[in-house]
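To find a chain, count down the sequence lines: A is the first, B the second, and so on, and within it residues start at 1. Given the structure is predicted, the values throughout are model-derived calculations rather than measurements. Hydrogens, waters and symmetry mates are skipped; everything else that's a heavy atom, side chains included, is used.
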There are 2 protein chains.
Amino acid sequence: MSDTRSHPASPDTLAISLTEAIHEHRVLPGMKLSEDEVGDIYGVGRTVVRQALRSLAHDGLVSIERNRGAFVARPSVKEAREVFEARALLEPRMARAAAERTTKEDMALLRAHIADEHAALDAGQHGRALNLSGHFHVEIARIADQATVEGFIRQLVSRSSLVIALYWRRRNAMCESHAHHALLEALSAHDGAGAEELMKGHLLDLLSQLDLRDQAWTGVSLREALRP
Amino acid sequence: MSDTRSHPASPDTLAISLTEAIHEHRVLPGMKLSEDEVGDIYGVGRTVVRQALRSLAHDGLVSIERNRGAFVARPSVKEAREVFEARALLEPRMARAAAERTTKEDMALLRAHIADEHAALDAGQHGRALNLSGHFHVEIARIADQATVEGFIRQLVSRSSLVIALYWRRRNAMCESHAHHALLEALSAHDGAGAEELMKGHLLDLLSQLDLRDQAWTGVSLREALRP
DNA sequence: AAGGCGGTGATTGTGCACAATATGGCCAGG
DNA sequence: CCTGGCCATATTGTGCACAATCACCGCCTT
């Protein structure tokens with residue numbers, strides 16, 4: 001099966017496609033991303049695939065092992081904690097800053113975003129819902145007009161997606177849509193302090209939903225258990 | 001002039017070399033990094049150079065323009081502010097966390113680091129001193145045992161180097177070694193709150209040394225003025 | 001029978017050649 | 001003299017082929 005995707009497949013485009021696939025849990029941590037295979041699927045040469053994979057590796061989404069290939073990253077428990085600590089450090093402040101700058105257009109965009117998220121959830125597209133849910137956080141940084149921190153948060157949200165894939169406790173409700181809605185209202189009211197607190201609580205909620213016991217070994221592949 | 005560098009020149013090695021060159025202000029913002037030229041200098045093919053450049057581009061150190069090439073990035077005034085806002089968000093907390101974990105080995109390392117910095121400064125190697133000075137901040141994040149945030153700070157310090165190249169006010173004293181020494185003492189005393197405050201003040205000092213007026217157009221190249 | 005070891009296959013790493021595209025100078029027209 | 005379009009040139013983007021390296025596996029030795 002080749003040339004599944006239509007022509008416009010630059011390295012960055014491919015990187016975005018792969019990132020989305022990971023965000024939506026279509027490919028799971030530990031899965032091997034063979035250059036030839038990916039290249040055939042998207043109908044591009046290995047040169048492009050390699051660049052895209054390196055890009056993802058830089059964001060911590062895949063780990064490249066010399067002469068072994070690229071694998072979707074498996075964040076350790078420690079890394080998982082670090083990711084959420086970093087988010088707790090950055091995002092509440094971004095929420096505060098965003099609250100003081102939110103425009104009507106921003107509100108409309110966020111509302112549409114949440115609507116999409118609900119629609120995806122109702123349609124059973126958990127992956128897409130998760131992706132949108134993560135992007136909501138990135139949007140807040142964008143509204144705060146902090147492109148640099150926005151990049152960091154984008155990276156952290158990406159890794160959070162991996163963490164969720166590995167350590168999420170329940171399979172049932174992605175919930176948290178309530179938290180996003182509350183945040184949206186705080187933004188609408190330009191309530192910086194409230195938004196900051198809501199975001200802080202939201203992140204703590206997320207963290208509490210994870211099962212970060214040291215041996216939470218979901219056992220996708222046993223051969224890597226003794227690799228690193 | 002070819003094969004200036006000895007054999008071991010992997011993409012990552014080259015990326016590190018280029019990063020150091022930028023940190024030490026041996027190459028300045030706006031300078032073009034031709035693939036052929038860099039390849040000849042280091043005695044490697046364009047393939048390796050390209051990967052290294054993309055890596056730097058991902059860190060915001062160089063900007064790649066399609067079919068135009070790679071240039072050392074010229075952070076805008078807005079970006080410069082953002083970088084220091086992000087640092088102000090992350091680093092004080094890292095300093096606090098580091099203070100509670102600093103070991104004797106860490107202290108020895110930091111002292112040696114500062115000694116190197118002074119030596120470089122005395123030898124007139126301003127670039128090297130600046131590089132070491134930046135790495136001091138990264139070390140604090142490492143001591144705090146926060147690899148994820150450490151990566152962000154490494155990135156921010158890199159960009160700070162560009163910001164300093166563009167917007168630094170005085171040419172004379174790199175000073176600030178006093179601030180690092182004070183921080184070191186706070187770490188040694190495991191004074192988390194003190195370290196946090198010192199770091200916050202240190203970053204504000206740095207920021208105040210910059211000339212971030214909107215039209216601080218040092219005028220290296222006027223053609224890029226209307227590009228983005 | 002267990003452990004060490006070299007052959008073999010597959011996958012990645014790199015250099016190279018060709019294609020695509022932007023740049024800058026040149027020429028024609030007003 | 002200035003403006004507009006066109007072509008030559010240089011540089012980057014991509015595919016491809018060869019080389020390097022590692023994992024797997026069967027065999028030999030003890």
Side-chain angles (χ1 to χ4, degrees), chain A residues 2-18 27 30-58 61-74 220-228, chain B residues 1-18 27 30-58 61-73 220-228:
Chain A
S2 67
D3 208 15
T4 299
R5 190 71 62 161
S6 52
H7 263 189
S10 69
D12 297 312
T13 307
L14 178 54
I16 291 174
S17 290
L18 288 175
V27 292
M31 191 173 292
K32 180 169 171 61
L33 297 174
S34 164
E35 297 180 355
D36 281 322
E37 200 170 345
V38 176
D40 285 344
I41 291 173
Y42 286 91
V44 298
R46 278 195 345 175
T47 306
V48 174
V49 176
R50 168 174 294 268
Q51 288 182 37
L53 287 178
R54 273 187 81 92
S55 180
L56 295 210
H58 200 98
L61 274 177
V62 311
S63 67
I64 295 180
E65 304 173 28
R66 181 174 174 99
N67 287 317
R68 291 234 332 125
F71 303 83
V72 180
R74 306 184 99 270
V220 171
S221 134
L222 66 157
R223 68 178 309 166
E224 293 178 354
L226 308 174
R227 274 296 154 214
Chain B
M1 188 194 303
S2 67
D3 206 17
T4 298
R5 189 74 59 162
S6 52
H7 264 187
S10 71
D12 297 311
T13 307
L14 178 54
I16 291 174
S17 289
L18 288 175
V27 292
M31 192 172 293
K32 180 169 171 61
L33 297 174
S34 164
E35 297 181 356
D36 281 322
E37 200 170 345
V38 175
D40 285 343
I41 290 173
Y42 285 91
V44 298
R46 278 194 345 173
T47 305
V48 174
V49 176
R50 169 175 294 267
Q51 288 183 35
L53 287 177
R54 272 188 82 92
S55 178
L56 295 210
H58 199 99
L61 274 177
V62 310
S63 67
I64 295 180
E65 303 174 28
R66 180 175 175 99
N67 287 314
R68 291 237 329 126
F71 304 83
V72 180
V220 171
S221 129
L222 67 155
R223 65 179 311 164
E224 293 175 356
L226 308 175
R227 272 299 154 212

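Across all non-hydrogen atoms, the minimal contact from R68(A) to K32(A) is O-NZ, 3.0 Å. When all heavy atoms of R74(A) and G30(A) are compared, the pair lying nearest together is CG-N, 3.6 Å. Here the closest non-hydrogen pair linking L56(B) and A15(B) is CD2-O, 3.8 Å. Looking at every heavy atom in both residues, P11(B) comes nearest to A52(B) through O-CB, 3.7 Å.
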5' to 3', nucleotides 10-17 of chain D under a 4.0 Å protein heavy-atom cut-off (B base, S sugar-phosphate only, - none) gives -SBBBBBB

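Looking at V38(B), V48(B), L33(B) one by one, the single match for side chain to side chain contact (heavy atoms under 4.5 Å, CB included) with L53(B) turns out to be L33(B).
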